[in-house]
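Scroll down for the structure; my scribbles are underneath it.
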Amino acid sequence: MSTNAELSHIFNEMSKVLQLIGANPFRINAHANVARILKDMIVDVAELADDPAKLTAIDGIGAGSAKKIIEFVQTGKVKEYEELLDSIPRGLLDVMAIPGLGPKTVKLMWEKAGITSLATLKKKLNSGQLEKLPRMGAKTVANIKESLAFAAKASQRTRLGEAMILAEAIVEFLTMVKGANRVEYAGSLRRGLDTIGDIDILATTTNPAAISTAFRAMPGVQKVLAAGETKSSVRLESGVQVDLRVIDEQSFGAARMYFTGSKQHNVVLRERAIKKGLRLNEYGLFPDDGEHDEPPQKRGVKPVAAKTEQAIYAALDLVWVPPEVREDRGELDVRETPKLIELDDIKAELHAHTIASDGKMTIDELAHEAKARGFHTVAVTDHSRSSIQANGLSPKRLREHIDAVREANERIKGITILAGSEVDIHADGRLDYDDKLLAELDVVIASPHSALRQDAKAATRRLVTALSHPLVHVLGHPTGRLINKREGLHPDLNALIQAALEHDTALEINANYQRLDLRDIHVKAAVDAGALIAINTDAHTPDNFDFLRYGIVTARRGWLTPKQCINAWTKQKLHSWLRAKR
DNA sequence: GCCGTTTTCGGCCCGACTGTTTTCAGTCG
């Protein structure tokens with residue numbers, strides 16, 4: 001784990017313990033906020049720890065947090081963290097992770113029923129003791145049992161590519177319900193995060209009861225978690241939670257904004273509203289008319305804006321920004337809506353496999369699929385010899401393959417087929433073919449496939465070496481991570497970006513939803529530095545071309561514009577860039 | 001704990017649903 005990740009974990013746990021002991025909510029929030037900042041940071045925080053001013057210059061990190069960060073970098077420990085942990089039984093944090101069990105309940109169960117861990121909780125659940133506690137009844141205990149059973153088999157967050165398919169099916173299902181008007185997904189899915197905690201669906205309808213009932217009874221629902229007039233929650237058999245919000249047509253824009261988030265983006269928006277004498281909630285942007293028991297929409301107050309997102313941003317003197325950048329990472333400071341890359345901008349696929357290695361397509365099938373997608377160029381980039389498991393090509397087989405690609409390119413009209421390779425980067429940075437052979441290829445994608453647990457320094461050296469190789473065009477899936485399965489490498493991203501800039505090499509966003517590598521914050525850093533980005537699907541089958549949209553949203557989360565994306569270039573520009581390395 | 005183009009002190013975002021209660025605390029997003 002990197003220093004940033006370790007410190008993020010520490011601040012997160014501190015915020016959890018502070019909740020348990022009933023500390024000031026704003027202090028709790030400040031710790032959680034620092035954890036978030038550290039998690040999203042590209043720079044190794046250890047490099048800033050020589051001067052507290054460098055740390056406090058970061059919005060959200062104050063003197064207190066800076067001191068703790070420096071202490072950790074110097075000693076490997078944070079005294080206050082250890083003291084906080086010692087102040088409670090360690091197992092309590094596990095108990096608090098159970099859905100439905102918050103700090104107040106856990107504290108109560110600890111002090112009044114001696115529950116200190118998941119093990120003691122399980123023991124006491126059937127004792128009848130818990131029901132006797134204040135505000136605890138049979139139903140609550142039953143819910144805890146159910147949550148506990150679910151938590152035991154619950155997996156991680158759902159990957160974007162799986163959540164998206166699921167959400168689209170639900171949207172389609174609900175659209176068919178009588179009275180349904182607009183149905184769409186919001187939340188982290190609309191923002192295009194690489195993994196999704198739960199799926200948020202918004203609907204406008206002339207018949208709220210019908211759509212809510214249909215939602216709670218739809219195929220695949222395992223348990224109804226909440227069933228209100230405007231909000232329903234279900235858990236699917238796959239373990240994914242889905243929330244439905246029934247929205248009034250007049251406040252659809254406010255609801256979209258609110259339920260799209262991010263939470264931090266929303267907090268900043270609401271703070272801006274207050275400074276303007278307004279207040280923002282999921283029903284609209286209202287004039288602040290002082291203290292009342294009821295919120296403005298219930299008192300018939302006319303909103304300043306509510307129907308569209310655009311109107312609300314405008315009323316706050318902000319420009320509308322795409323959902324993918326709503327992370328409080330500078331998007332509220334822009335003067336005009338950024339022209340981020342879109343699916344239709346992509347005109348070339350530069351990383352794809354055929355039956356020569358581990359793909360399922362022939363060269364012809366690959367070419368026809370790429371042509372059908374409207375591309376001017378496709379590169380055949382099968383695995384190199386060291387990728388035994390993927391049937392990587394020996395130099396002899398690669399030369400034959402190059403000939404086959406050249407022949408297909410002559411024969412098939414309407415698309416340019418390039419001969420390439422996805423070359424393994426060895427642990428020391430050497431490539432899997434000699435330079436003479438590499439020079440015969442039109443496109444070289446260099447990717448790490450093995451030694452994916454090497455330390456950060458070695459990984460950085462390895463990838464910088466590959467990026468600096470004069471015959472390499474693109475660094476493929478730079479970290480080698482597999483979401484929810486494998487962490488991959490932790491190279492110094494800034495070093496990679498500098499090498500990419502210096503040698504005019506592109507960094508890949510691998511659009512396969514299991515990879516999405518580079519990830520969003522890496523893309524943002526690369527884009528800010530002016531590096532070139534490739535978005536490739538790494539297609540092994542025709543269907544895999546559909547992964548492109550996941551790469552696009554990841555790119556958009558990193559503020560990528562078409563100009564900086566080599567796959568969006570014209571044929572002439574792309575080919576001349578490729579040839580410049582030959 | 002963090003922050004300040006009104007502030008170095010005094011603020012800090014908002015609402016739905018559940019379960020256990022007779023009016024609301026706790027949890028969640």
Side-chain angles (χ1 to χ4, degrees), chain A residues 11 14-15 18-19 22-35 37 55-69 80 84 96-109 130-144 146-147 186-189 196-202 212 216 224-234 241-247 251 254-255 257-275 277-286 288 292-298 328:
Chain A
F11 276 93
M14 287 180 80
S15 110
L18 289 169
Q19 283 183 50
N24 177 338
F26 299 105
R27 191 175 161 218
I28 294 168
N29 191 37
H31 279 81
N33 200 29
V34 172
I37 291 164
L55 292 167
T56 54
I58 299 167
D59 206 26
I61 298 182
S65 297
K67 213 174 143 200
K68 290 179 193 105
I69 292 168
E80 194 182 322
L84 277 172
M96 214 168 83
I98 301 290
L101 289 184
K104 298 283 170 61
T105 313
V106 172
K107 185 162 188 257
L108 183 75
M109 295 195 305
L130 296 182
E131 284 91 331
K132 296 202 179 70
L133 297 175
R135 302 199 63 84
M136 293 274 275
K139 242 178 179 170
T140 303
V141 171
N143 280 343
I144 295 172
E146 207 275 338
S147 290
S188 50
L189 189 57
I196 271 72
D198 54 24
I199 295 173
D200 296 295
I201 308 282
L202 308 180
S212 297
R216 299 193 292 258
V224 176
L225 301 169
E229 269 181 44
T230 64
K231 180 193 167 185
S232 294
S233 274
V234 299
Q241 183 177 327
V242 189
D243 297 345
L244 171 70
R245 299 278 180 157
V246 179
I247 312 291
S251 54
M257 273 176 74
Y258 183 87
F259 292 111
T260 296
S262 66
K263 189 175 174 177
Q264 198 55 32
H265 179 87
N266 285 348
V267 167
V268 176
L269 284 180
R270 289 195 288 264
E271 285 169 355
R272 289 226 182 185
I274 290 170
K275 284 197 184 119
L278 300 165
R279 62 187 276 183
L280 178 64
N281 62 26
E282 63 259 54
Y283 298 96
L285 181 65
F286 296 91
D288 188 355
H292 290 88
D293 287 341
E294 298 238 284
Q297 71 276 3
K298 292 204 172 161
D328 188 27

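Predicted model only: the values in this text are computed from it and were never measured. Worth knowing before you read on, the calculation uses all heavy atoms, side chains too, and leaves out hydrogens, waters and symmetry mates. Naming: A, B, ... by sequence-line order, numbering from 1 per chain.
- Between the P atoms of B:dT20 and B:dG15, the separation comes to 26 Å (whole Å).
- Of the residues in residues 258-266 of chain A, those with a non-hydrogen atom less than 4.0 angstrom from any atom of DNA chain B are A:Tyr258.
- Nucleotide B:dT7 is shown with a syn base, its glycosidic torsion being within 90° of 0.
- If you check every strand for non-hydrogen atoms under 4.0 Å, A:Pro25 touches nothing.
- Among the heavy atoms of the strands lying under 4.0 Å from A:Ala227 are primed sugar atoms or P, OP1, OP2 only; no base atom is included.
- In this structure, CG on A:Leu108 lies 5.0 Å from CG on A:Leu133, to the nearest 0.5 angstrom.
- By the 6.0 Å contact criterion, CD on A:Glu131 is enclosed, its count of non-hydrogen atoms from other residues, nucleotides or ligands being greater than 12.
- Across all strands shown, B:dT8 forms no Watson-Crick or G-U wobble pair with both key distances under 3.5 Å.
- The side-chain contact (heavy atoms from CB on, under 4.5 Å) check on A:Thr230 picks up nothing, with sequence neighbours excluded.
- If A:Lys298 and A:Pro134 are placed on DNA chain B by their nearest nucleotide, the residue sitting closer to the 5' end is A:Lys298.
- Spacing between B:dT18 and B:dC13 at atom C1', rounded to whole Å, works out to 22 Å.
- Residue A:Lys67 is classed as having no contact, given no heavy-atom separation below 4.0 Å to the nucleic acid.
- A search for side-chain contact (heavy atoms from CB on, under 4.5 Å) contacts involving A:Asn33 returns A:Arg36, A:Ile37, A:Gln264, not counting sequence neighbours.
- B:dT8 and B:dC2 have their C1' atoms separated by 12 Å, given to the nearest Å.
- Here A:Ser65 lies in heavy-atom contact (under 4.0 Å) with sugar-phosphate atoms only.
- A:Leu269 comes within contact range of no nucleotide atom at all, as no heavy-atom separation falls under 4.0 Å.
- Considering only residues two or more places apart in sequence or on other chains, A:Asp243 meets the side-chain contact (heavy atoms from CB on, under 4.5 Å) condition with A:Asp198, A:Asp200, A:Ser233, A:Gln241.
- Using a 4.0 Å cutoff to heavy atoms of chain A, the contacted part of DNA chain B runs 5' to 3' from B:dG1 to B:dG29.
- For A:Lys298, the side-chain contact (heavy atoms from CB on, under 4.5 Å) test picks out A:Glu294, A:Pro295, with sequence neighbours left out.
- Within the 4.0 angstrom heavy-atom criterion, no nucleotide atom of any strand lies near A:Asn29.
- Between A:Glu80 and A:Arg27 there is a salt bridge, since at least one side-chain N of the basic residue sits less than 4.0 Å from a carboxylate O of the acidic one.
- Crowding of A:Asp288 atom CG: a count of heavy atoms from other residues, nucleotides or ligands under 6.0 Å exceeding 12.
- Judged purely by atom type and a 3.5 angstrom limit, A:Ser262 uses its side chain to pair as donor or acceptor with the backbone of A:His265.
- Comparing B:dG26 with B:dT21, their P atoms are spaced 13 Å from each other, to the whole Å.
- Contact annotation for A:Ala273: no contact, since no heavy-atom pair falls under 4.0 Å across all strands.
- Considering only heavy atoms from C-beta on, A:Ile61 comes within 4.5 Å of A:Ile69 through its side chain.
- Among the atoms of the strands shown, only primed sugar atoms or phosphate atoms (P, OP1, OP2) are found under 4.0 Å from some heavy atom of A:Ala138.
- Taking atom C1' in both B:dC12 and B:dT7, the straight-line distance is 13 Å, to the nearest Å.
- Backbone-only contact: A:Asp198 has heavy atoms under 4.0 Å from sugar-phosphate atoms and none from a base.
- When the nearest nucleotides of DNA chain B are assigned to A:Ile28 and A:Met136 by heavy-atom distance, the more 5′-ward of the two goes with A:Ile28.
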